[in-house]
**Q** 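Have a look at this one before I ask anything.
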Amino acid sequence: MVRISESTNHGFSVIFLAGFVVIFAIALVAQPLQLHWRTWFPGAEGNKSIIHAVRDSVYSFMSHLT
């Protein structure tokens with residue numbers, strides 16, 4: 001079993017939050033312009049909700065970090 005330290009857990013939370021903010025900002029700008037932003041981020045293609053699509057794309061991005 002792998003133990004994750006408190007600082008590592010905090011680091012992943014900071015990375016998740018930063019990624020979420022960046023991708024959410026892109027989605028908010030692209031949505032009214034009717035751009036197909038979901039195809040730009042892996043993991044966001046099948047979601048109807050902007051929040052869920054952004055969350056899934058951030059999870060996909062973070063999976064590449066480990």
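Starting from 1, each residue takes its place in the sequence as its number. These values consider heavy atoms only, across backbone and side chains, with no hydrogens, waters or symmetry-generated copies.
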**Q** If we ignore hydrogens and angles and just use 3.5 Å, is the side chain of E45 paired with the main-chain N or O of G43 as donor and acceptor?
**A** yes
**Q** Are M62 and V21 joined in one hydrophobic group, where the rule is that I, L, V, M, F, W and Y side chains link up if heavy atoms are under 4.5 Å apart?
**A** no
**Q** Nearest 0.5 Å, what's the OH-NE2 distance between Y59 and H64?
**A** 15.0 Å
**Q** Between W37 and L33, is there shared hydrophobic-cluster membership here, with clusters defined by ILVMFWY side-chain heavy atoms closer than 4.5 Å?
**A** yes
**Q** Under 3.5 Å, side chain of R38 to main-chain N/O of G46, donor-acceptor pair present?
**A** no
**Q** Looking at N47 and A53, what are the two nearest heavy atoms and their distance?
**A** ND2-CA, 3.4 Å
**Q** Any side-chain heavy-atom pair from F24 and I50 closer than 4.5 angstrom?
**A** yes
**Q** Heavy-atom count around F61 CZ within 6.0 Å, excluding the residue itself: above 12?
**A** no
**Q** Can L17 be reached from V54 by stepping across I, L, V, M, F, W or Y side chains whose heavy atoms are under 4.5 Å apart?
**A** no
**Q** Can you tell me how far apart CZ (F41) and CD1 (I26) are? Round to the nearest 0.5 Å.
**A** 4.0 Å
**Q** So, S60 side chain and D56 main chain: donor-acceptor pair closer than 3.5 Å or not?
**A** no
